[in-house]
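First up is the structure itself, then whatever we jot down about it.
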Amino acid sequence: MSLHNSTQIIEPKWLARPSMVVAPELLGCYLVRQFAADRVLRGRIVETEAYAPGDPACHAYRRRTQRNEVMFGAAGLGYVYLIYGIYHCFNVVTDEFNVPSAVLIRAVELAEIPDWLPEVLPTKIIKGKPERLGAGPGKLCQLLGIDRTLNGTNLSQPPLWLETGEPTRNITQTTRIGLSQGVDIPWRWYDTNSQAVSKL
DNA sequence: TTGCTGATTATG
DNA sequence: ATAATCAGCAAT
């Protein structure tokens, strides 16, 4: 356990605000994954994107479907989907019930790299610079063992939850990545000083 | 039922 | 630049 560890679990109520308000505030907070009783991985959130109603890039823009169902749920749920048939993306559901809204977590930096990491992850995933292990929405899901079995789970309890952290000093706001619709909406935020942020 | 596309990533 | 790989979605 860390000595200077005054973090608190983030309550759903704090997340029950518009995604473009929550997204920048989530920078510096922790996404925490528990693999076993004494095996917890803590990722500091360094890059986020907001998706909201009326936003053409939002999965729920057209209509409610089986995939986007949890985006309509209460704030504080996890929305996990498969992308390109290969990777998973992890979102925090935000705003009021029935308002399809979420924050995509695009990058985390591990607070600490435990020696048991190779025991819970394929070696394929542990290669490269340590600070870039969670650099990218697909990579962070691999790192934290997030897949669709965690879709719709409550993010204020194990095995996956959010904790408060130190506020991020330097934040850059710009446009989102990998989209064909809503490309001009500046709903991406990242820690200007982080080594794990997606390239422009 | 078919065909295309996508909130990605590693590799050539 | 491109393959890997599959679910959602629209059109057939």
Side-chain angles (χ1 to χ4, degrees), chain A residues 15 18-27 29 31 33 43 45-73 75 77-95 99-110 121-153 155 160 162 171-191 194-200:
Chain A
L15 298 164
S19 57
M20 70 289 289
V21 173
V22 174
E25 294 188 19
L26 235 22
L27 295 178
C29 294
L31 180 58
R33 173 71 153 116
I45 296 171
V46 296
E47 182 179 9
T48 58
E49 283 181 358
Y51 292 87
D55 162 19
C58 181
H59 282 171
Y61 181 60
R62 294 181 172 278
R63 53 201 167 91
R64 188 169 186 148
T65 67
Q66 190 171 358
R67 177 176 67 161
N68 64 38
E69 180 71 28
V70 327
M71 290 186 86
F72 290 80
L77 298 180
Y79 168 46
V80 184
Y81 66 93
L82 185 65
I83 189 169
Y84 298 111
I86 310 175
Y87 298 99
H88 294 274
C89 285
F90 172 78
N91 297 251
V92 177
V93 174
T94 55
D95 219 313
V99 177
S101 169
V103 173
L104 170 70
I105 307 302
R106 286 196 59 90
V108 301
E109 280 184 32
L110 284 187
L121 294 177
T123 50
K124 167 101 176 171
I125 295 170
I126 311 182
K127 66 176 171 49
K129 300 175 186 172
E131 62 270 25
R132 291 196 60 83
L133 285 176
K139 290 178 70 179
L140 97 244
C141 283
Q142 289 182 161
L143 180 65
L144 300 179
I146 296 172
D147 61 23
R148 277 176 301 173
T149 63
L150 292 170
N151 187 39
T153 58
L155 297 177
L160 184 65
L162 292 165
I171 295 176
T172 301
Q173 177 178 186
T174 182
T175 52
R176 296 171 296 182
I177 284 192
L179 307 170
S180 57
Q181 307 247 311
V183 286
D184 296 329
I185 302 175
W187 283 355
R188 179 164 69 109
W189 293 265
Y190 61 84
D191 179 342
S194 172
Q195 298 288 280
V197 169
S198 306
K199 60 187 175 184
L200 296 179

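Letters go in sequence order (proteins before strands), and every chain restarts at 1.
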Passes side chain to side chain contact (heavy atoms under 4.5 Å, CB included), A:W189 versus A:I45? Steps please.
CA-CA 11 Å; A:W189 293 265; A:I45 296 171; over 6 Å; no
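When the P atom of B:dA7 is taken as reference, atom CZ of A:R62 falls 12 Å away, rounded to whole Å. Atom C1' of nucleotide C:dG8 and atom CE of A:M71 are separated by 15 Å, given to the nearest angstrom. Atom CD of A:Q66 is separated from atom C1' of C:dC6 by 14 Å (rounded to the nearest Å). Counting to the nearest Å, the C1' atom of B:dT9 and the NE2 atom of A:H88 are 14 Å from each other. Atom OH of A:Y81 is separated from atom P of C:dT5 by 19 Å (rounded to the nearest Å). Atom CG of A:L133 is separated from atom P of B:dA10 by 11 Å (rounded to the nearest Å). We find that CZ of A:R67 is positioned 9 Å from C1' of C:dC9, with the value rounded to whole Å. The distance from atom NZ of A:K139 to atom C1' of B:dT8 is 11 Å, rounded to the nearest whole Å.
Closest to the side chain of A:N68, from the set B:dA7, C:dC9, B:dT11, is C:dC9. Side-chain proximity of A:I86 to the nucleotides C:dC6, B:dT9, C:dA4 is greatest for C:dA4. The side chain of A:R148 lies closest to C:dA7 when the candidates are B:dT11, C:dA7, B:dA7.
We find that the ring of A:Y87 and the base of B:dT8 do not stack by the test of centres under 5.5 angstrom and planes tilted less than 30°. Where stacking is scored as ring centres under 5.5 Å apart with planes under 30°, A:Y84 does not register as stacked on the base of C:dA4.
Note on A:H59: every side-chain N or O is 4.0 Å or more away from OP1 and OP2 of C:dG8. Within the 4.0 Å cut-off from OP1 or OP2 of B:dT5, not a single side-chain nitrogen or oxygen of A:S180 is found.
With a 4.5 Å cut-off on side-chain heavy atoms, A:L162 and A:L15 count as touching. Residues A:R176 and A:D55 meet the side-chain proximity criterion, which asks for heavy atoms closer than 4.5 Å.
A 3.5 Å limit on both hydrogen-bonding distances identifies B:dT1 as the Watson-Crick or G-U partner of C:dA11. Pair assignment for B:dA7: none, as no Watson-Crick or G-U wobble contacts are both less than 3.5 Å.
To the nearest 0.5 angstrom, A:Y79 atom OH is 4.5 Å from A:H59 atom NE2. Between the CD atom in A:E25 and the CE atom in A:M20 there is a gap of 12.5 Å [rounded to 0.5 Å].
Summary of the strand contacts: A:Q142 and A:N91 both lie near DNA chain B, and taking for each the nucleotide with the nearest heavy atom, the more 5' one is attributed to A:N91.
One C1' atom belongs to C:dA7, the other to B:dA10, and the distance between them is 22 Å to the nearest Å.
Both tests hold for A:R64 against A:F72: distance to the six-membered ring centre under 6.0 Å, angle to the ring axis within 45°.
Nucleic acid contact class of A:R63 (heavy atoms, under 4.0 Å, all strands): sugar-phosphate only. Using a 4.0 Å heavy-atom criterion, one finds that A:I83 contacts the sugar-phosphate atoms exclusively.
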